[in-house]
Every structure is written in C-alpha cells, then in structure tokens.
Amino acid sequence: MTNSATLGLFGLGTMGSALSLNILEKDFALHVTNHEPEVVGAFVKEAENEGLAGKLHGADNLADMVAAMAPPRAIILMIPSGDPVDETIEKLVPLLAKGDTIIDAGNADFHVTRRRTKHVEALGFTYIGMGVSGGEEGARHGPAMMVGGSPAAWSGIRDVIEGIAATFNGEPCADHFGPDGAGHFVKTVHNGIEYADMQLIAETYGLMRYGQGQSPSEIGAVFERWNKGVLESYLVEITAKVLQALDVQTGKPAVDVIVDAAGQKGTGRWTAIEAVRLGQSANVIEAAVAARAWSSEGKARVAGSAIFDAPRDALVLNDADLEAALLLGRIVSYAQGFRILDAASTEYDWSIDYARVAEVWRAGCIIRSSLLGDIAAAFRGDLPEGQLIFSKAFAQLIRDSLPALRRVVAAAVSGGHPVPALASALGFIDTMRTARGTADVIQAQRDFFGRHGFEHIDGRRDQHGPWWD
Ligand code: 6PG
C-alpha cells in the first residue's frame, strides 16, 4: 500500500517486467501497460504463473491504464532513455490530474531531468527522477534506488519504493537525495564508479594474464579468494565467475571468445563530463571512460601492435600487491565520485547526504562492496578538507597499501602493460600528498604569455612576474 498514490507502470521490457513482479510480490497493487499491447497479456500470464496476479491490472494502452487508476496516481516509466521519455510525458500530460506523479526510472542525464521536472511541475503534476541499479536480478528481487524530486512526491511513493528495494541489515537501500535531478545524478556517479571499478579489475586481470601468464580460471580463483577479503564486492564476485566459465562451443575460457571492445550507453561519460564541468577531475573514472573508447579502436590497436613491435614483458608480482593496488584504485574511484557529488550538491543546492548514499549502495546495486559501510562511517565522522581519503580509517589504509600500488604500477609501466586507471589512482594520491606542487610554473607561463597575473606567496593577488618589468 502506498501512502496515497495508485501505482502504474509503463514499459514491460526486461527491467519493467522484473520490477513489476517485485512490486506485486511485495503485495502492492499495480496497473501496467506497454507500447505494444500484446506484451501486456504475456506479462499478465507470467504473473499468473508465479501466483502474483491478484493485484495486477493490465491495460491495452496508457489512456486505459490511467483511466482505471484512482487519483492521485504515480506512474513509473521503464522505457529507453531519451526521446521516448519526452514522448511518453507528452502522451501522459492530457490524461493526468493535478497531484499525479510521473517517475522516470531509467538512466537519465540529470540536466534533462531538471528540465522535465520544471516542465511537468509547471503543469500541476509532480515529477520524480529515480536511479535504479542492479540489472534484471536487482529489479526482480530488490534494486538500490536513488530518488530525486519534491519531498511531497517522495512521501507519496516512499512505502512502495522502500518496500521493493534491496535491504542491508534490514534497512531499505533506497532514499530521497534531493529535488529534481539529484536522484539521477547520484545514479550517474554510481555508474561512473562502476566504470572505474570494472576497468581497475580488468587491468589487474591483464597484468596477471598477459604479464604473469596465468590462465583465466587461475585468475578467477584468485578473484574468488579476494572476494572473501577487503575486496568483497559484487563486481569482484562476478569477475571470479566470468573468468572461470568456459565457452560451450569451443571449451575455451569464455572471455577468450569475446571481442575486446567495451560498449557503453553513456552514463560513465556523463560522470566524467560533469566532473570537469564542476571544476573537479575524477581521473580514475575518466581513465575508465577513455579505456572503453580506446578499446573500440580494435583495428588501430592491431596496426599499432605491428608498427611499434612492442611485446609486453613478463611480470612477477605477488597477489597481495595486486589485491592492495586494486583496493586503492577502488578507494580513489569512490572518493572521486563523492567529490563530484559534493560539487554538484553545492552547485544545485541539493544537500545530498553522502553517508546515506554510501548506505544505499551497500546492497542491490552494481558497485555494492564491503567498503561502503566504512565510507558511510567516514562521512559521519571527521573528514579533514572534506576528503574521504583523509579520514582516519582510509588514510591508514592508503599509507599501508601505497607501496604495493606503486610497485604494481611501476612494474606495469616499465613492462609496457597499459594500466591507465591504476596509474591515475596513484597519480591522484601522489598529487594529494604533495604540499607544494608545480602549478607555480603554470601560473608563470600564463602570466608570461597573457599577463593573466598570479597570487604571490605573501598573499598579494594580481601580481606580474619580472618578464613584464
Ligand atoms: C546498474 C547499471 C545499469 C547500466 C548498465 C550498462 O546500475 O544497474 O549501471 O544502469 O545501464 O551497467 O551501462 P553501460 O552500457 O554504459 O556499460
């Protein structure tokens, strides 16, 4: 039972069907429809087969569904992002009554969510942009959900959202993070971290496979062991499984029959773009986005491998160093994600509760890991300069693991193995522990060629160098 809203869902694709079954299983009433009406009948049958059709109302189209729902209504859109969302909003608008809510539960650029919120709310309805993470399995049995919208809209759907979310120690992994685009932004940053973590894992695999000559199944067994320690996480868990799987047709390791070109729908790129736009840099996330782009230039890489004739050197690293390096890379990518959240929260006046973000990410989502409890605790404690990496617990971890990250990156670099994300993490940590950097030279150059002025170390601003005397 929701606090007030009657619930509807449009879009019975893989994710929409899974979320609908989850909603019904938690005993909430649900109206559903789909762009192609024949899908509705098939879904109703599926729900019947699972014994979940008691509170399900199927409709042939949006107009029939909305007419059958008692106001106030909350309609979840589970459709491809972009134009289909705008088109559906325009179809819904004449059907709705004041106080009804539209919920976009797909991935969306938060700028677009802000625009849509303005548009829809000016017409007297409420709008929610909600990030949903966890893939099909999560949608069916409990995703993590990141909600953005007005507090009133949130209170109308809170029961159902908390009811269907994943739980961690009995607490729902869903929360409201602020108005308009806040929820979609938190999800975007989640995906940026997802890209970074996947790239760090892939690079670590690469060092073991192509540097140390280990087989995928051997490496998978190491990941399986790591998943019982400090690296415990969904992505390490599935990597262990992926690496130990065999291709049914050839009997080869499954990864060996997959073209090494990573796809992307854009959310990781949005994170990198937004970081730069907000005057930040999430260099580990940026490295991961870049690596996906370079991966798709397969032909060029084949040509490059012949032109530069650069076989990769054999490496001898120990598992403990690789584990510590991967852990540090992960810590930096989370830390950079939270810095972007902080910058956006300040710019858009969202007041995002970072400890809650970490808590919501502890279960259901793709980047769930045992580190997130420590991250939440760090945000509730004392954070010098607002930097997660300076919190007592993380500073100690970084001190302990930094030599291992350095050994791994140094060996990779001198052996010719590409590790853009691991090297970025090291570059970030080394920069953040350098009290006096080298930007004095940049300032001098700017002043030399453009009279841009600099701040003197004695505090005087707009100073010029002797090259202008
Ligand atoms: C999630 C995922 C999901 C995302 C896929 C694919 O949290 O469940 O982030 O929302 O769409 O992971 O993303 P890419 O195609 O960009 O890799």
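All heavy atoms count here, side chains included; hydrogens, waters and symmetry mates do not.
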- Task: List the steps, then state whether salt bridge (Lys or Arg N to Asp or Glu O under 4.0 Å) holds for K26 with D159.
- Result: CA-CA 11 Å; K26 305 290 156 40; D159 283 5; over 6 Å; no

- Message: Whether R116 engages the ring of Y127 as a cation-pi pair (distance to the six-membered ring centre under 6.0 angstrom, angle to the ring normal within 45°) should be assessed.
- Response: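 No, R116 does not lie over the aromatic ring of Y127.
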
- Message: Under 6.0 Å from the ring centre and within 45 degrees of the ring axis: does the NZ or CZ of R356 meet both conditions for the six-membered ring of F177?
- Response: no

Mind checking the [atom1]-[atom2] spacing from [X] to [Y]? Nearest 0.5 Å is all I need.
X: F125; Y: H119; atom1: CZ; atom2: NE2; result: 9.0 Å
X: I285; Y: E274; atom1: CD1; atom2: CD; result: 12.0 Å
X: I76; Y: I161; atom1: CD1; atom2: CD1; result: 5.5 Å
X: D104; Y: I75; atom1: CG; atom2: CD1; result: 13.0 Å
X: H57; Y: D64; atom1: NE2; atom2: CG; result: 14.0 Å
X: F223; Y: Y205; atom1: CZ; atom2: OH; result: 9.5 Å

Under the 3.5 angstrom rule, does the side chain of [X] hit a backbone N or O of [Y] as a donor-acceptor pair?
X: T434; Y: G437; value: no
X: T271; Y: T267; value: yes
X: H184; Y: G106; value: yes
X: D100; Y: A97; value: yes
X: E359; Y: C173; value: no
X: T346; Y: A344; value: no
X: S401; Y: I398; value: no
X: R292; Y: Q264; value: no
X: T6; Y: A70; value: yes
X: R433; Y: D430; value: no

Just wondering, do [Y] and [X] contact through their side chains at under 4.5 Å, heavy atoms?
X: S133; Y: M146; result: yes
X: R225; Y: E323; result: no
X: L327; Y: I331; result: yes
X: V85; Y: I89; result: yes
X: F10; Y: T88; result: yes
X: K55; Y: L30; result: no
X: F394; Y: I375; result: yes
X: R114; Y: P179; result: no

- Message: One pair to check against side-chain hydrogen bond (donor to acceptor under 3.5 Å, both in side chains): N34 and E36. What are the steps and the verdict?
- Response: CA-CA 5 Å; N34 192 71; E36 301 86 11; 2.9 Å; yes

So, [X] versus [Y]: side-chain donor-acceptor pair below 3.5 Å or not?
X: E25; Y: H141; result: no
X: E286; Y: S281; result: yes
X: N49; Y: K45; result: no
X: N191; Y: W270; result: no
X: Y334; Y: S369; result: yes
X: K187; Y: N107; result: yes
X: S233; Y: R330; result: yes

- Message: Would E121 and T126 count as a side-chain hydrogen bond (donor to acceptor under 3.5 Å, both in side chains) here? Give the steps.
- Response: CA-CA 5 Å; E121 305 216 337; T126 44; 5.2 Å; no

- Item | CA sep, side-chain torsions, deciding dist, call: L96, V66, side chain to side chain contact (heavy atoms under 4.5 Å, CB included) | CA-CA 7 Å; L96 298 181; V66 174; 4.2 Å; yes

Take atom [atom1] in [X]; do more than 12 heavy atoms of anything else shown fall under 6.0 Å from it?
X: E38; atom1: CD; result: yes
X: Y234; atom1: OH; result: no
X: E385; atom1: CD; result: no
X: D83; atom1: CG; result: no

- Message: One pair to check against side-chain hydrogen bond (donor to acceptor under 3.5 Å, both in side chains): Q336 and R339. What are the steps and the verdict?
- Response: CA-CA 5 Å; Q336 293 184 340; R339 290 291 289 175; over 6 Å; no

- Message: Parallel, tilted or perpendicular, judged at 30° and 60°: which one describes the rings of Y348 and F110?
- Response: perpendicular

- Message: Does the plane of the ring in W361 sit parallel, tilted or perpendicular to the ring in F338? Use 30° and 60° as the thresholds.
- Response: tilted

Thinking salt bridges, do [X] and [Y] make one under a 4.0 Å N-O criterion?
X: E162; Y: R158; answer: yes
X: E347; Y: R277; answer: yes
X: K91; Y: E87; answer: no
X: R209; Y: D256; answer: yes

How close do [X] and [Y] get, counting heavy atoms only, and between which atoms?
X: I366; Y: G135; result: CD1-N, 4.4 Å
X: F185; Y: L341; result: CD2-CD2, 3.7 Å
X: L56; Y: A47; result: CD2-CB, 3.6 Å

- Given I102 and I128, is the side chain to side chain contact (heavy atoms under 4.5 Å, CB included) satisfied, shown in steps? CA-CA 6 Å; I102 300 175; I128 283 186; over 6 Å; no

- Query: For I164, which of L24, L19, V132 qualifies under side-chain contact (heavy atoms from CB on, under 4.5 Å)?
  - Reply: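 That would be L19; it is the only one of L24, L19, V132 passing the side-chain contact (heavy atoms from CB on, under 4.5 Å) with I164.
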
- Carefully, step by step, assess S17 and R140 under the rule side chain to side chain contact (heavy atoms under 4.5 Å, CB included). CA-CA 8 Å; S17 307; R140 177 65 184 87; over 6 Å; no

- Task: Show your working on side chain to side chain contact (heavy atoms under 4.5 Å, CB included) between L322 and V408 and close with a plain yes or no.
- Result: CA-CA 7 Å; L322 287 162; V408 168; 4.1 Å; yes

- Query: After noting the C-alpha distance and the side-chain angles of E224 and Q244, does the key distance pass the side-chain hydrogen bond (donor to acceptor under 3.5 Å, both in side chains) rule?
  - Reply: CA-CA 10 Å; E224 197 175 321; Q244 294 180 79; 2.8 Å; yes

